[in-house]
There are 2 protein chains.
Amino acid sequence: MPEAEQRKRRGRPKRDEVVALDRAQIVAEALRLIDERGLEGFSLRELARALGVFPTALYWHMPGGRNAVLGAVAATAFTDVVPPAEDAVDDWESWVRALFTRYRDSLRKHPNIAPLLGAQIVSNTGVDMELVERILAALESAGFGGERLVDAYNTVVAGLLGYVTLELAPGPAEDASEWASAFEAEIRGVDASRFPRLSRNLDALANRAFIVRWQGGAEKPMTHSFDFYVETIITGLRALSRKIG
Amino acid sequence: MPEAEQRKRRGRPKRDEVVALDRAQIVAEALRLIDERGLEGFSLRELARALGVFPTALYWHMPGGRNAVLGAVAATAFTDVVPPAEDAVDDWESWVRALFTRYRDSLRKHPNIAPLLGAQIVSNTGVDMELVERILAALESAGFGGERLVDAYNTVVAGLLGYVTLELAPGPAEDASEWASAFEAEIRGVDASRFPRLSRNLDALANRAFIVRWQGGAEKPMTHSFDFYVETIITGLRALSRKIG
DNA sequence: AAAATAATTGTACGATGTACAATTTATTTG
DNA sequence: CAAATAAATTGTACATCGTACAATTATTTT
């Protein structure tokens, strides 16, 4: 733990004192703590403790308090997800594919913040607007325009966040392994007469499909289905772009 | 407020006393409170207050505490979403379409619980297994089997939750209208040279598309795009089901 | 030199989740 | 039918949390 040394004096610190409190550093440390102990276990006070600072000092740099910190942390997930331009130009499909996988790769490095993204209108105008612009570019080159462009755009954004948010969703908080084995037993012993298809495909589905899994995507990735999901969306968009344009 | 009258006596209540504490009632009241004051404002103590009961009494019926209550509340969103059988049989596409719209309609009645669903491995074996079974049935009748069935299933489930979770996501907690107008101004004044396409389509996009909206889906539904999104997924699945089977 | 502003320490408060003991009623058992 | 056990609550207690606000000190501007 990178505890900063104590500093008893009150008031504004001298120029070269070790406080080094700074918006970027607060966000970075917050992300580190969330990576380490999860979203549920995150608190402003622990963040302050880790930074060697009083909790209320954080409010100077982040006037929004807790929510502001979490918002800023969430925003970091979008850095570097927008694929470089050269991949796009005349192949919107592979650009969209690249976007999806880059976003997923980015979140897989910090799976604990996934709930923040799928469930918050977080926006940090700048990075985000770049993302919007580039999605629009891809979809225009796919032939969408006007009202359909809006629909296609919303489809891409929802698709972008949807799968990954769910894949990386956290299970029950503390009783993890106990709950997991109990749930596994329940799944394994599912009534074959009431649920014949589930029962027949159980080996293929158990712990490898939503609702019937007992591990989160951080421990047990669902990559193959993700690729299929992306192809589904791209294929659907391609078909619909031809239908009316 | 349906405050229950006071009852001073300690210990187990007599048979016909008005305490009426019961798992189902706890969950129902919790949902009502969340509908009313939002997820952020929900607390076990207020729930207990609303039920006219000590906070710790809730632990008797819900051993998991807060998380257990929220899990149970989340599960209610899935009641009655599975479309009746007769709609399906030999038309898997309209069955899936019905599933998507029913789920969305269900959540739109309780938009505040949306974050719970997109972000938690909540499962209540029974209702859920029925859902799983029926999705599998639809996809088998669409021609999916084996490994592809798993992928298609995961695609449907992720698609089912993804859009709605994002659409109904809550904005910033308290400073709502202030933030909204500030954000609107920022969007309206976006740099046309850096973001030409966004700028060109601004009227169509502003407050009607993800990332560039300042109202949640509870206040401003995004229905048209949702329909397009559903068609995208169904069309994609149809095409991919023919490709290999 | 004085005033304003920046950046922190410190204090304080109400609220929260939950562990645990005490108490009372209902049910089961011998 | 008495005694034991289980069911369902009240009541107490505690650590923790977010944040409003005052006090303090250093830097920058006037």
Side-chain angles (χ1 to χ4, degrees), chain A residues 3-26 29-30 33-34 37-73 172-175, chain B residues 3-27 29-30 33-34 37-73 116 172-175:
Chain A
E3 294 275 346
E5 55 261 50
Q6 293 202 30
R7 189 183 72 92
K8 290 287 170 200
R9 212 189 57 270
R10 212 168 171 165
R12 175 173 181 159
K14 288 177 186 166
R15 219 191 324 265
D16 50 355
E17 216 139 6
V18 277
V19 277
L21 207 43
D22 165 309
R23 208 189 128 95
Q25 203 166 0
I26 291 175
E29 184 67 18
L33 282 176
I34 293 174
R37 319 206 225 257
L39 243 193
E40 196 121 334
F42 173 77
S43 82
L44 274 194
R45 296 181 105 109
E46 258 212 356
L47 174 55
R49 226 171 288 139
L51 289 165
V53 150
F54 270 67
T56 49
L58 301 177
Y59 284 78
W60 176 255
H61 300 275
M62 315 235 52
R66 180 173 212 267
N67 286 343
V69 174
L70 292 181
V73 168
E174 267 304 313
D175 49 344
Chain B
E3 292 276 346
E5 55 261 50
Q6 291 201 34
R7 188 184 72 93
K8 290 286 168 202
R9 214 188 56 268
R10 213 166 171 169
R12 175 172 180 160
K14 289 177 185 165
R15 220 192 322 268
D16 50 355
E17 216 141 7
V18 279
V19 276
L21 207 45
D22 165 310
R23 209 190 127 95
Q25 204 167 359
I26 292 175
V27 175
E29 184 67 19
L33 282 176
I34 293 174
R37 321 207 225 256
L39 244 193
E40 195 121 336
F42 173 76
S43 83
L44 275 194
R45 297 181 104 108
E46 257 212 358
L47 174 55
R49 225 171 289 139
L51 290 165
V53 151
F54 270 68
T56 50
L58 301 176
Y59 284 79
W60 175 256
H61 300 276
M62 315 235 51
R66 180 173 213 265
N67 285 343
V69 174
L70 292 181
V73 168
L116 291 178
E174 267 305 313
D175 48 343

>> Need the bend value for the helix from C/dA1-D/dT30 to C/dG30-D/dC1: angle between end axes, 5 pairs each end, nearest 10°.
In response: 10°
>> Within this structure, what is the CD1-CZ distance for the pair B/Ile34 and B/Phe42, rounded to the nearest 0.5 Å?
In response: 5.0 Å
> When rounded to the nearest 0.5 angstrom, what is the spacing between CD in A/Glu40 and CZ in B/Arg66?
Replying inline: 8.0 Å
Filtered N/O pairs between nucleotides 15-19 of chain C and protein, under 3.5 Å:
from, atom 1, to, atom 2, distance (Å)
C/dT16, OP1, B/Ser43, OG, 3.1
C/dT16, OP2, B/Arg49, NH2, 3.3
C/dG17, OP1, B/Leu44, N, 3.3
C/dG17, OP1, B/Arg66, NE, 2.7
C/dG17, OP2, B/Leu44, N, 2.8
C/dG17, OP2, B/Arg45, N, 3.4
C/dG17, N7, B/Arg45, NH1, 2.4
C/dG17, O6, B/Arg45, NH1, 2.7
C/dT18, OP2, B/Tyr59, OH, 2.8
C/dT18, OP2, B/Arg66, N, 2.9
C/dT18, O5', B/Tyr59, OH, 2.8

>> In whole Å, I'd like the distance from the NE2 atom of B/His61 to the C1' atom of D/dA6.
In response: 14 Å
>> Could you go through B/Leu44 and B/Leu58, starting from their C-alpha distance and side-chain angles, then the distance that decides it, and tell me whether this counts as side chain to side chain contact (heavy atoms under 4.5 Å, CB included)?
In response: CA-CA 8 Å; B/Leu44 275 194; B/Leu58 301 176; 4.0 Å; yes
> Please give, in whole Å, the distance from D/dT16 P to A/Arg37 CZ?
Replying inline: 13 Å
>> Rounded to whole Å, how long is the line connecting atom CD of A/Glu40 with atom C1' of D/dC17?
In response: 14 Å
> Any idea which heavy atoms bring A/Gly41 and A/Glu46 closest together, and the distance?
Replying inline: O-OE1, 4.3 Å
> The side chain of A/Phe54 lies closest to which of these nucleotides: C/dA7, C/dT11, D/dT9?
Replying inline: C/dT11
> When rounded to the nearest 0.5 angstrom, what is the spacing between CZ in B/Phe54 and CZ in B/Arg45?
Replying inline: 10.0 Å
> Once you round it to whole Å, what is the distance between P of C/dA7 and CD of A/Gln25?
Replying inline: 14 Å
> Where do B/Leu39 and B/Leu116 come nearest, in terms of heavy atoms and distance?
Replying inline: CD1-CG, 4.0 Å
> Given atom CH2 of B/Trp60 and atom C1' of C/dT24, what is their separation to the nearest angstrom?
Replying inline: 13 Å
> In Å, rounded to the nearest 0.5 Å, how long is the span from NE2 of B/His61 to CG of B/Leu51?
Replying inline: 9.5 Å
>> How long is the straight-line distance from CG of A/Asp22 back to CD of A/Glu29, given to the nearest 0.5 Å?
In response: 12.5 Å
